[in-house]
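One structure is given here, and the rest of the page talks about it.
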Amino acid sequence: KDGETSPLVDVGATAAAAKVGVEDADDGGEYHKGLGTEFKFPGDAKKLREASKIKLWTAYLRAHGRHLTLARYPQCTRLIQVGLPNRLRGEMWETLSGSLYLRFANPDVYQSILKEHAGKTSMSTEEIEKDLNRSLPEYAAYQTEQGISSLRRVLTAYSWKNPELGYCQAMNILTAALLIYMSEEQAFWLLEVLCDRLLPGYYSPSMHGTLLDQRVFEALVQRCLPLIHDHFSSVDVQLQVASLPWFLSLFINSMPLIFAFRVIDCFFAMGPKVLFQVGQKVERSLTSGAITAILKINGEKLLEIQDDGAFIHLMRDYFGSLGDSAHPDSSDPRVKNITNFQELLLVAFREFSVITDDTIISERKRFRANVTSTLESFSKRAAIRNLKFTGRFSKDQCGAIYDLLFKAIWEEPPRGNGVTGSVDSTGRPETRISMNTFKQFLSYVASWARNEVIVSNGFQQRIQRDVVDHALINRLFYSWDYSGKGALSLQDIVMGLEGVMFNDLMSNIEWFFTLHDKDKDGSLSKDEVLQLSESLLFIFRNERGDAYLGAVSRFMTNAFEYGDSLLEKGDGVTEDPEDAPTNQPYLTLPTFRMVVLADEILESFFDTDLSASFRFDEPAAPVPDEPTGLLGGLMSTILTKENKNLFNRVADEIGKTIGRHQVDQRPSIGKLGRELALQEPKPRESLVTPRQRSASSAAVPSAASSEPPTLSSQSLPDVSQLSLSERPPVPPITPLIPTTIVMERQTFAIDAAKDDDEEEDSMYAIGGDDDVMDE
């Protein structure tokens, strides 16, 4: 009874006493029981010698305790190998597996899960409904609504308890078998133990645990049965074609139920090694010519098969004969009564006792990396194949994006909305990353999304990379969230990268403009212009010299000067551009394009450097990524990652003490040479014509210039009112006084346009007879 730890109630030696621990509780309560008590247990009780088993187990439980007090002596294992009585099987399964402790430690959890999720549906519940009528349909209980409902409740409850795993293939078969001997709550907790501890990875979307044990099984066949292994290799017969269902369903779908449950009895008592021992015995029994004549014939057939189909057919015939006599021609009745199944267990536990738990653990360690690599390769191909849009990316490039994405997930697991077990619109599983993982991923892809320094301290030289945080990265994340789920999928990232890595000059300018146009109205407000300028400063933060800084400074000055000149006076518009609302349309895309093209450095950046800053391989480093030198090599061998970081800090402090510590910041773009990068920034050239400036000044007479580095046009004399003799002389050209430099304005496409005021503006044209600029 649930929670009862008292000694076993007195039972008789008759068949009526077979109801041990199931009925007639002392306190009138209800015992846990399976569907078999109502729909009968599989097999013939007389042939299975249920009465004799009950006698043996009654004596053992009286002497050595029961439930939580059960003491497992060698006699217990021998009794299990003989077979558990049907009415005691469920109780012993949960005691031997340890699920009994989970059930006692979590009372009413099963019922609360069902109540909490009543009426809810998910992808797992939909898959469960599809498989309910395919779960042991030969058993009477699963031909009724009672049995189907019990199976549905257990599988549904487990899918809600473990949503990451949910429901997977073969779980329905295993749970249906458990419910024959156990109550729903017992089966629920035993399923938890099976999936989490006894058979980890068996019932997962990738089935990595099953595939790993298949490799282990093949290795054991090669070691113990080299003749079979060599023959299968020569005819290209895959052993796992037949053995995979054995492991996945614990032989329930391969053997008759009465024999499969005997294997499960041993599995719960002795662990997963039983699956390998029985599997080896299946191969051994078909090839040994010394056991019986019939097995010798089967062995000859096995060595004659040429394809997988013949192998599967031979296995099916053998499992169908497990109840037959292993020695039908023997004159000894006792020998003649030995079945093929009894002989299978005898040989499995005797001849293959060398297969221990340590053997299985060792073999799993040996093949785990290979199986993981194979699964990752398969998942990678499937993910790339399921991409609806790859644009101009090749398969290899998509594969590189996939590798970097999962490298980032490994280094920085998703949080919040970022989940690794969601599904797309078609129901396929997909991986999505949150903001924290995206920053890690972008640091692998974009050179400006990370800080890289080359550290030298006299002992070693290393590259230190750190992930950075900025509003530009956040803006990029949300612009790539095409589905609006607050997390990015592989498809989102591929589409986002494709939208910038193959752009030309004009496309990149438009892409960068749109990225900062928050309300998507086709224009930038003053605040958005400032944010765009901050993004440029962030990208150029690690460049040598002041060339890029000067380019951004000229961009800001030109953008605000031109934006102020284009503000029209009207309803809702203030007289002073300085007092204009910060969210008012201020800079359009054509104007932004003109301002960018006016600067050689910015034009070069948007033409090639922006797209080139996204790449899928680590940039070439002047020094190796790993520490070098004698001390560095020793460190790589004996220190962990945490200890390496500690050692680096200590070595840096020592290097500072002896004056050998040096840190060199690696530029993100690095296109300009050292001499060009260290040159003085070029002086700014105004993009506003004198007429526009005069109109702006007339409209806002009290407004001061918003550009401190430049002089207002009102501070200069009006050359149209001066005679030739009165005009001021042209000052000498000097790079140290930007306001006196004579320059020619770059020609733009807009200059080709003609208007009615062309003649009026000609007197202000740059490059006149006196070669004097307006500023």
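Side chains included, hydrogens not; waters and symmetry mates left out as well; all remaining heavy atoms used.
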_Any heavy-atom pair between the side chains of F605 and L536 that's under 4.5 Å?_
yes
*Determine, step by step, whether Q440 and S443 satisfy the side-chain contact (heavy atoms from CB on, under 4.5 Å) criterion, reporting the C-alpha distance in whole Å, the side-chain angles of both residues, the deciding distance to 0.1 Å, and the verdict.*
CA-CA 5 Å; Q440 186 75 36; S443 69; 4.2 Å; yes
_Polar side-chain atom of D481 near backbone of F477 as donor-acceptor pair, under 3.5 Å_ = no
*asked:* Is there a side-chain contact between M594 and Y562 in this structure, where contact means two heavy atoms from C-beta onward sitting under 4.5 Å apart?
replied: yes
*Atom pair CG (L488) and CE (M435), whose distance is rounded to the nearest 0.5 Å*: 8.0 Å
*asked:* With a 4.5 Å cut-off on side-chain heavy atoms, are R432 and S483 touching?
replied: yes
*Is it true that a side-chain atom of S204 and a backbone atom of G201 form a donor plus acceptor pair closer than 3.5 Å?*
yes
*Evaluate the side-chain proximity of I509 to L597: yes if any heavy-atom separation is below 4.5 Å, no if none is.*
yes
*Is there side-chain contact between L472 and L515, with at least one heavy-atom pair below 4.5 Å?*
yes
*Check E603 against L505 and note the closest heavy-atom contact, atom names and distance.*
O-CD1, 3.5 Å
*Are F616 and Y444 near enough that their ring centres are under 6.0 Å apart?*
no
*Are side-chain N/O atoms of N542 and N451 paired as donor and acceptor at under 3.5 Å?*
yes
*Close side-chain approach of N474 to D469, heavy-atom, < 4.5 Å*: yes
*List the steps and the verdict of side chain to side chain donor-acceptor pair (under 3.5 Å) for R475 and S479.*
CA-CA 6 Å; R475 189 174 288 108; S479 69; over 6 Å; no
*Could you state the interatomic distance from CG (D519) to CG (L524), rounded to the nearest 0.5 Å?*
9.0 Å
*Determine, step by step, whether F441 and L404 satisfy the side-chain contact (heavy atoms from CB on, under 4.5 Å) criterion, reporting the C-alpha distance in whole Å, the side-chain angles of both residues, the deciding distance to 0.1 Å, and the verdict.*
CA-CA 6 Å; F441 167 79; L404 292 175; 3.8 Å; yes
*asked:* Measuring from atom CG of L476 to atom NE2 of H470, what distance do you get when rounded to the nearest 0.5 angstrom?
replied: 12.5 Å
*Near-ring test F438/W480, centroid separation under 6.0 angstrom*: yes
*Minimum heavy-atom separation for S611 to M501, with atom names?*
CB-O, 3.7 Å
*F560 vs Y586 aromatic rings, parallel, tilted or perpendicular, using cut-offs 30° and 60°?*
tilted
*asked:* I'd like to check L211 versus T374 (side-chain heavy atoms, cut-off strictly below 4.5 Å). Are they in contact?
replied: no
*Check the surroundings of atom OH in Y482: do more than 12 heavy atoms from other residues, nucleotides or ligands lie under 6.0 Å from it?*
yes
*Are the side chains of M556 and L530 in touch, meaning some heavy atoms are under 4.5 Å apart?*
yes
_Between K439 (side chain only) and V468 (backbone N and O only), is there a donor and an acceptor less than 3.5 Å apart?_
no
*When the aromatic ring centroids of Y167 and W160 are compared, is their separation below 6.0 Å?*
no
_Atom of G522, atom of D517 and distance for their closest heavy-atom approach_ = N-OD2, 2.9 Å
_Does Q169 have more than 12 heavy atoms from other residues, nucleotides or ligands lying within 6.0 Å of its CD?_
no
*Is the cationic atom of R541 (NZ for Lys, CZ for Arg) positioned less than 6.0 Å from the six-membered ring centroid of F538 and within 45 degrees of its normal?*
yes
*asked:* Is it the case that the side chains of D504 and S507 hold a donor-acceptor pair, with the cut-off being a distance below 3.5 Å and no angle test?
replied: yes
*Examine distances only and state if a side-chain atom of T557 and a backbone atom of S553 form a donor-acceptor pair shorter than 3.5 Å.*
yes
*Distance from S206 atom OG to L212 atom CG, nearest 0.5 Å?*
11.0 Å
_Can you confirm whether the side chains of T372 and R368 place a donor and an acceptor under 3.5 Å from each other?_
no
*Check the pair F512, S535 against side-chain contact (heavy atoms from CB on, under 4.5 Å), reporting the backbone distance first and the verdict last.*
CA-CA 10 Å; F512 204 74; S535 297; 3.9 Å; yes
*Report yes or no: do S159 and T156 form a side-chain donor-acceptor pair below 3.5 Å?*
no
_Closest contact, heavy atoms only, N558 versus V595_ = CB-CG1, 4.0 Å
*Verify the distance criterion only: is there a donor paired with an acceptor across the side chains of N162 and Y158 at less than 3.5 Å?*
yes
*Taking T514 for its side chain and E510 for its backbone only, find out whether a donor-acceptor pair lies under 3.5 Å.*
yes
*Between S604 and I601, is there a donor-acceptor pair closer than 3.5 Å when you use the side chain of the first and the backbone of the second?*
no
*Is it true that the side chains of S434 and N436 contain a donor and an acceptor less than 3.5 Å apart?*
yes
*For S373 and N370, does a side-chain donor sit closer than 3.5 Å to a side-chain acceptor?*
no
*Would you please indicate yes or no on a ring centroid separation below 6.0 angstrom for F502 and F393?*
yes
*Do R392 and Q397 meet the criterion of a side-chain donor-acceptor pair at a distance under 3.5 Å?*
no
*Which heavy atom of T437 sits nearest a heavy atom of E412, and at what distance?*
OG1-O, 2.7 Å
*Drop me the distance from L387's CG to Q491's CD, to the nearest 0.5 angstrom.*
5.0 Å
*Taking every non-hydrogen atom, the tightest pair across S447 and R615*: CB-NH2, 3.7 Å
_Polar side-chain atom of E528 near backbone of S525 as donor-acceptor pair, under 3.5 Å_ = yes
_Atom pair NZ/CG of K380 and L490 - distance to nearest 0.5 Å_ = 11.0 Å
*Look at the aromatic rings of F614 and W448 and report parallel, tilted or perpendicular, splitting at 30° and 60°.*
perpendicular
